[in-house]
Amino acid sequence: MPSLLEDLQNNPLAQATLVLSALPLLALLAWAIWQPKLFLLALKNLRRNSLRTALTCLATLVLVLMATLILTVVVTLDRFTTEKARDFKLVVTERWQLPSQMPLTHAHYLDPSSPSFMLDRSEIGPNDFMTWSFYGGTLDPGKMTRENIVFFFVMNPKHIIPMMDDMQDLDPALIAKLEKNRQGCLLGRERLEAINKRVGERIKVTSMNYKGIDLELEIVGELPRGRYNTTGIMNESYFNQELERYARTKGKHPLDSKRLNLVWLRVRDRATFEKVAQQIETASVFADRPVKCETASSGIATWLEPFQSLLWGMKWVLVPAILASMALVVANAIAISVRERRAEMAVMKVLGYRPRQILCLVLGESLLVGGGSGFLAAFLAWFTINAVGGLPFPMLWFQYFMIPTQALFWGLAMGFVTAFLGSALPAWTARSVKVSEVFAKVA
Amino acid sequence: MQIIIFLLMALGFVLGIVVLVALAFSLAALAHALLPVAKVPFRYTLRNLQVRWKTTLVTAVAFTVVVGLLTFMLAFVNGMNQLTEGSGQPGNVVILSDGATDEAFSNLPGGISVPMFPKDVQTMVRRDGDKFWAVKEVYVIVNQEIANAGEGQRKRRFVQMRGIDDPELAARIHAIELAEGKWFSGRRHEVVLGDGVARTFGKDLGKDHAQPGDRIKIGPRDWEVVGIMKPSASAFGSEVWAQDTQVGKSFGRDNSYSSYVVRVKDPKLAADAAALIKKERSSQAFAAMTELEYYAKLAQTSQQFLYAIILVAIVMAVGGILGVMNTMFAAISNRTKDIGVLRILGYSRWQILMSFLLESLLIGLLGGLLGCALGYLTDGISTSSVVSSGQGGGKSVVLNLVVDTTILAAGMGVAWIMGAVGGLFPSLSAMRLKPLESLR
């Protein structure tokens, strides 16, 4: 997950919500300093009908909470489909088909530590390469259920920390264990709970995709919480050894020459990507099993394409509808409040308060309610959801979504904007109260 | 984590009780309004809504947004459900390689045929003369570059291609009909497009949908479109069909199939046939299931969306309920004297409660009706999604949103619940007002 500073530098939503939350906050602060009496009056007014204030706050709170959760999913997926300026990764896959299945020899030409390496070593270093094979199986072949299925990234352990996203903080001791114990594996917390196993225990996996390649693994550690909650990682040397054993006893496995699923390479920038991609896609060594190169973000975007309508709906229908609901609730509450206090506002005018001060009073009350409850909602979402390991919303390989710190700005901004929109008309009505009309009615 | 789950369950339990009580009261209010018993005149309730029409309207619009959105979201799930239900034929059995749960991961030998199965199964399979109703299918997902993709637009999409050994028999087995053109001959690189994917390719070609005679690029070569399937609520509408040998050659699946679909004589025998095929382990093991079962498993994604929609609907409904509470509390506070007068005139506490609850229900129903009307506008809108069993694989599909009476009833039901819960507490507070104190 990117830091708040990174988000503020790169993410337009974070920048926009920072502005939308900072401006009203500064305005409220300035108002409190220049007109402390009016500010205190606004606070007193909110306390005066505490039930209405509480109901409006609660409505804003639940709606901002929901909007924050939806935006978290949308923004996280956006982040993965947006090209990064640095840490630019290139994915090599089979040119036409899904799932991508390539011969292992393809990796030799792309591995900087291999003598057959075909690229420029000054552009791709030893820590800029990673291969993935996918191995899925069940712990109970007689009764396969979602609970007893395990899925592994089969890879070289030394590539985990430098190449895999969100693995930079993984304990190096776990890597050492995985390198030392060829039958070792790392599993995500949720998968461990689902199969009811702990670190140190052994599992026997009957393969679903590599028929006849059943593996005995020892769980040597747990993967970091979040996106790896439901998956596992195992050492490629054990997997390859078992495929070779199978070849010796039963002949080549049907997937023997299709065991390599993805190759990852890190390149400096877009220009290097274009150059390396062209070199790979036109290389004669890949002519019989053609490959294609994509950026990681472009690859993920292709996978997410069938969900585009859904994500569009979440972003442009659901969130605006929630905000409209909030604005209506606030508008209703403030309009009722203004109607009930028409006489009071007329008296204020008689006492010398200017129309704009009355306008500010109503707007201020609304902004205090909206901003306060919006921030509280976003804080609650950020604190509690992240504390329990993320928002569960399985979509492709994304299982959990962590609430980004920029969500605190979303909450403030949503609260302020809807409060402003909802109270603009009632505040204008309050500003325009005619003293003579109000007192004529009272009389 | 456990504490949070416990708190959420406790909150859910309390909310559930509140909803049940509110529903009971609202039904009583409805009965009270309809029965010929002494009550606060209905005209009084209507008049009050009319007098403060702005507040009534704003509250009703908030309900409209919630119900409209709920209808729209449920129409999406309904469209997905209809698609997965419509894809399976009751008498079909899908055979995959042993251990596979999805076509994408299944590898069947090229020589697969009905005589490989137990004798009992062979007698169950429907046949025309010597020909069994059985079709070999090779299913590939092609990662395709998009023709004419502009700058900043996505460059690739997944195209689902199904190679069929006998297209006319496959069409009968899967209940597919052609809207235009003919089935491929197998002699040239020809394809038949599902109606959904025909729209997708049509956009690339700058028209509404692709037509027979058009040429499209899939994988390493160009294919000629020779037919378009009739629109049907099925996953096949998102697929490209071609001759099995040509698909196999183009995508490295020579003499290997993904699935073998057989039609049994009596749909009631489909489950038995699947069980017998699965049980047979003599020469080669297979995974088998009825086609209905296969596509029902793909409804896992729509279930997940349904849960998410229920959560969103509950949260939005809570927002709406709090809004109507504000309205009703304000109405009561404005009409404290009215309530006092009504009590002095002899109306009981119960009648006051019913009158105010009815007012809230009317706002809810007004918003609900508008919301359902708004949601109904989304009926038939075409969109895309993924259906999957959640165990890997899955299919990208083009589907239509479907608003039916069940969804409209659900929308009105939610509006009713919102009106009932939102009106209950203010109505109880109105009921508890003492006549003399309220007149003071």
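So that the names make sense, note that chain A is the first sequence line, chain B the second, and so on, each numbered from 1.
- The two residues A:W96 and B:G219 make their nearest non-hydrogen contact at CH2-O, 3.2 Å.
- For A:E294, the side chain to side chain contact (heavy atoms under 4.5 Å, CB included) partners at least two apart in sequence or on another chain are A:T93, A:K292, A:S298, A:T302, B:N143, B:R156.
- Residues passing the ring-ring contact (aromatic ring centres under 6.0 Å, His included) test with B:F329, sequence neighbours excluded: none.
- In this structure, the portion of B:F72 lying under 4.5 Å from any heavy atom of chain A is its side chain and not its backbone.
- By the 4.5 Å heavy-atom criterion applied to side chains, A:E340 and B:S333 are counted as neighbours.
- Here B:T59 contributes atom OG1 and A:L328 contributes atom CG; the two are 8.5 Å apart, rounded to the nearest 0.5 Å.
- Annotation for B:K249: atom NZ does not count as buried by contact number, only 12 or fewer foreign heavy atoms lying within 6.0 Å.
- Contact annotation: the side chain of B:L322 never approaches that of A:T56 to less than 4.5 Å [non-hydrogen atoms, C-beta and beyond].
- Both the backbone and the side chain of B:A62 come within less than 4.5 Å of a heavy atom of chain A.
- Neither the backbone nor the side chain of A:F151 comes within less than 4.5 Å of any heavy atom in chain B.
- Closest non-hydrogen pair, A:A59 versus B:G319, comes out as CB-O, 4.0 Å.
- Taken from CD1 in B:I321 to CG in A:L58, the straight-line distance is 11.0 Å, to the nearest 0.5 Å.
- Chain B forms more heavy-atom pairs under 4.5 Å with one residue of A:T60, A:T384, A:N209, A:L51 than with any other, namely A:L51.
- The contact between B:L311 and chain A is made by backbone and side chain atoms together, counting heavy-atom distances below 4.5 Å.
- Side-chain atoms of A:L310 and B:F76, non-hydrogen and from C-beta on, do get closer than 4.5 Å to each other.
- Proximity to chain B involves both the backbone and the side chain of A:N332, based on heavy atoms less than 4.5 angstrom apart.
- The most heavy-atom pairs under 4.5 Å with chain A, out of B:P220, B:S250, B:A331, B:S238, come from B:P220.
- Both the backbone and the side chain of A:V317 come within less than 4.5 Å of a heavy atom in chain B.
- Residue B:K54 holds its NZ atom at 7.0 Å from CZ of A:R339, rounded to the nearest 0.5 Å.
- If you take CD1 on A:I336 and CG on B:N334, they are separated by 8.0 Å, rounding to the nearest 0.5 Å.
- Taking every heavy atom of both residues into account, B:M316 and A:L63 meet most closely at CA-CD2, 3.9 Å.
- To the nearest 0.5 Å, atom CE of residue B:M73 and atom CG of residue A:L318 are 5.5 Å apart.
- Pairing each heavy atom of A:A321 with each of B:V65, the nearest pair is O-CG1, 3.5 Å.
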